[in-house]
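Take a look at the structure set out below.
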Amino acid sequence: MIVMKFGGTSVESAEAISRVASIVKARVDRRPVVVVSAMGKTTNRLLALANAAVEGRRDEALRQLAELEAYTLKEGGSLGGQVEEHFRELTDVVKGLAALGEFSPRSVDVVSAFGERLSSLIVAGHFRQHGIDAVHRDARDFIVTDDRHTQAAPLYAETYARLAALRPVAERQVIVLGGFIGATTKGMTSTLGRGGSDFSASIAGAGVGAEEIQIWTDVDGMLTCDPRILAGGHRVKVISFDEAAELAYFGAKVLHPSTVVPAVEKNIPVFILNSRRPEVEGTRIIREAVGCSNIFKSIACKPGITAVHIKSLRMLMAHGFLSRIFEVFAQHETSVDMVTTSEVSVSVTIDNTANLDAIRADLAEFAEVAVDSGQAIICMVGANIATTPGIAGRVFRSLNGINIRMVSQGASLLNLSFVVNGKDLHAAVKALHEEFFANPDPLVFEPSA
Ligand code: ADP
Ligand code: ASP
Ligand code: MG
């Protein structure tokens with residue numbers, strides 16, 4: 001049994017869904033369980049229209065809703081009226097939001113879940129039209145989560161028990177599940193966080209006891225650099241769970257950072273594959289790093305980062321200074337990505353600035369605070385970092401005068417991260433890629449053409 005997950009672009013149109021159907025059909029004897037994302041940009045569109053409703057632009061919200069319905073019907077079809085029925089339900093929700101003028105995390109989940117509820121029904125329908133014996137199952141009946149709406153975590157024991165019960169069905173038919181969505185123990189709709197369908201796939205894989213988890217997307221696999229920042233990266237043929245997780249955490253959107261957790265636990269290999277070029281072998285993610293003559297496997301980056309520099313008002317960092325700082329960020333539910341310290345100051349990076357003003361005010365009670373927005377984290381990942389001396393020097397020399405701040409080498413010894421100004425990001429990644437990937441080891445990389 002295998003799990004095959006198809007992302008938004010892989011199911012964005014009737015044509016894309018047909019491609020998916022032929023990919024699945026060709027692998028039916030491996031007993032696939034299929035997990036799908038919402039079609040195209042549906043999740044963004046749902047959130048935008050719900051926000052319009054909440055902000056009092058009710059007509060605009062309903063107009064966008066009608067557009068989304070037209071798109072869904074055109075590309076996905078009506079499924080004997082089921083699609084229209086979902087949109088009637090969603091229209092009631094949106095009208096309710098407009099009346100309340102309030103968008104709680106719980107309602108965000110109710111709204112955004114429509115994307116995967118619809119796409120999974122639609123894809124199952126298309127599969128049957130292509131002669132695949134497919135059945136739809138509502139993922140909310142299987143993925144049980146805590147009640148941290150919009151960022152829910154699975155309750156593994158209960159989730160795995162329910163998924164194991166699906167196995168007999170999955171042995172006979174192709175089950176189609178929506179990714180991203182789940183339900184709390186009280187039955188409230190929840191979601192696993194943006195990009196969470198990858199995570200759903202790996203939870204499903206662990207739960208049904210799959211031998212392989214395949215993440216089908218719109219690139220040939222994990223590349224040596226983020227194609228949105230720099231084109232021409234090489235495909236990484238094989239990488240370890242630890243390395244992949246580090247890259248995902250620091251911006252390699254191709255994989256949701258939590259995806260590896262269930263896969264590691266059950267030691268199930270994860271593949272990243274291209275639904276437009278199914279013949280390409282993709283990236284294989286496995287437990288052990290394989291030997292590689294290059295120091296790094298890939299360069300991840302996160303633009304749009306804000307650095308907060310916090311200086312102790314006393315000369316030396318007082319006892320308890322760090323814990324007070326982190327308390328402030330925790331109180332304002334803002335997670336910190338990178339931290340560096342000196343004798344008198346601490347710098348952290350955040351990507352969610354929704355509560356920055358409040359954080360700043362609280363920190364100012366015991367520290368001097370300076371904020372740099374428009375920064376970017378660059379994170380270079382590879383298991384060889386641990387055993388190669390002098391890497392940091394080589395990295396910084398290759399940057400040719402680009403100003404870097406906040407250098408950190410993770411305790412995992414798998415990554416070297418630092419912050420550059422956002423305007424230098426492209427030049428920095430280009431210089432690093434030229435320095436470290438000019439001669440890609442053919443055992444590990446497929447050089448770009
Ligand atoms: P899906 O909708 O299939 O989940 P995503 O957009 O979430 O797809 O992830 C795929 C995208 O991840 C790619 O189109 C690419 O722009 C981006 N990406 C970022 N870093 C990398 C990387 N190192 N290798 C490959 N893709 C990357
Ligand atoms: N549809 C969700 C999102 O856009 C989940 C996913 O695509 O993985 O975030
Ligand atoms: Mg994704």
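Whatever order the structure lists ligands and atoms in, that order sets their numbers, starting from 1. By convention here, the first residue in the shown sequence is residue 1. Source: prediction; values computed, not measured.
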Original post:
Looking only at protein heavy atoms, which one is nearest to atom 26 (N) of ligand 1, and how far off is it?
Top reply: Val254 CB, 3.5 Å
Original post:
N/O to N/O below 3.5 Å, does that happen between Asp198 and ligand 2?
Top reply: no
**OP:** Taking atom types as modelled, find out whether His136 and Ser120 have a side-chain donor-acceptor pair closer than 3.5 angstrom.
**Re:** yes
**OP:** Would you mind listing which atoms of ligand 1 come within a distance below 4.0 Å of any non-hydrogen atom of Thr217?
**Re:** 1 (P), 3 (O), 8 (O), 10 (C)
Subject >> Side-chain H-bond candidate by donor/acceptor type, Asp441 with Asn294, under 3.5 Å >> reply: no
**OP:** Determine, step by step, whether Asp147 and Lys186 satisfy the salt bridge (Lys or Arg N to Asp or Glu O under 4.0 Å) criterion, reporting the C-alpha distance in whole Å, the side-chain angles of both residues, the deciding distance to 0.1 Å, and the verdict.
**Re:** CA-CA 9 Å; Asp147 57 7; Lys186 294 202 180 102; 5.4 Å; no
**OP:** Please confirm whether Gly251 comes within less than 3.5 Å of ligand 1 when only nitrogen or oxygen atoms on both sides are compared.
**Re:** no
Subject >> Axial cation check for Phe199 ring with Lys5, 6.0 Å and 45° limits >> reply: no
Subject >> Whether Gly221 lies under 4.0 Å from ligand 1, heavy atom >> reply: yes
Original post:
Is the shortest distance from a heavy atom of Pro227 to ligand 1 less than 4.0 Å?
Top reply: yes
Original post:
Taking distance alone, with no angle check, do Ser10 and ligand 1 share an N/O pair under 3.5 Å?
Top reply: no
Original post:
Heavy-atom contacts under 4.0 Å between Lys5 and ligand 1: side chain, backbone, both, or neither?
Top reply: side chain
Original post:
Would you say Gly195 and ligand 2 have an N/O pair spaced under 3.5 Å apart?
Top reply: yes
**OP:** Identify the residue among Asp372, Thr340, Val420 that makes a side-chain contact (heavy atoms from CB on, under 4.5 Å) with Arg405.
**Re:** Asp372
Subject >> Proximity winner for atom 17 (C) of ligand 1, if only heavy atoms of Glu12, Arg194, Arg228 are counted >> reply: Arg228
Original post:
Does the N or O separation between Leu223 and ligand 1 drop below 3.5 Å for any pair?
Top reply: yes
Original post:
Is there at least one pair of N or O atoms, one from Gly8 and one from ligand 1, spaced under 3.5 Å apart?
Top reply: yes
Subject >> Short side-chain donor-acceptor distance under 3.5 Å, Ser190 and Thr145 >> reply: yes
Original post:
For atom 6 (C) of ligand 2, what's the nearest protein heavy atom and its distance?
Top reply: Ser197 OG, 3.3 Å
**OP:** Classify the angle between the aromatic ring planes of Phe6 and Trp216 as parallel (below 30°), tilted (30 to 60°) or perpendicular (above 60°).
**Re:** parallel
Original post:
When Glu212 is tested against each of Lys266, Arg30, Arg27 for salt bridge (Lys or Arg N to Asp or Glu O under 4.0 Å), which residue passes?
Top reply: Arg30
Original post:
Angle class for the His130/His126 ring planes (parallel below 30°, perpendicular above 60°, tilted otherwise)?
Top reply: parallel
Original post:
Would Gly8 count as a contact of ligand 2 if the rule is a heavy atom under 4.0 Å away?
Top reply: no
Original post:
Which one holds for Val219 and ligand 1: side chain close, backbone close, both close, or neither close, with close meaning a heavy atom under 4.0 Å?
Top reply: side chain
**OP:** Examine distances only and state if a side-chain atom of Glu243 and a backbone atom of Ser240 form a donor-acceptor pair shorter than 3.5 Å.
**Re:** yes
Original post:
Starting from atom 5 (P) of ligand 1, which protein heavy atom do you reach first, and at what distance in Å?
Top reply: Lys253 NZ, 3.8 Å
Subject >> Heavy-atom gap His256 to ligand 2 smaller than 4.0 Å >> reply: no
Original post:
Which atoms of ligand 2 are found less than 4.0 Å from any heavy atom of Arg194?
Top reply: 3 (C), 4 (O), 9 (O)
Original post:
atom 11 (C) of ligand 1: which protein heavy atom is closest, and how many Å away?
Top reply: Asp218 OD1, 4.0 Å
Original post:
Any idea which protein heavy atom is nearest atom 7 (O) of ligand 2, and the distance to it?
Top reply: Ser37 OG, 3.1 Å
Original post:
Do other residues, nucleotides or ligands put more than 12 heavy atoms under 6.0 Å from the CG atom of Asp92?
Top reply: yes
Subject >> Any donor-acceptor N or O pair under 3.5 Å, side chains Thr334, Asn352 >> reply: no
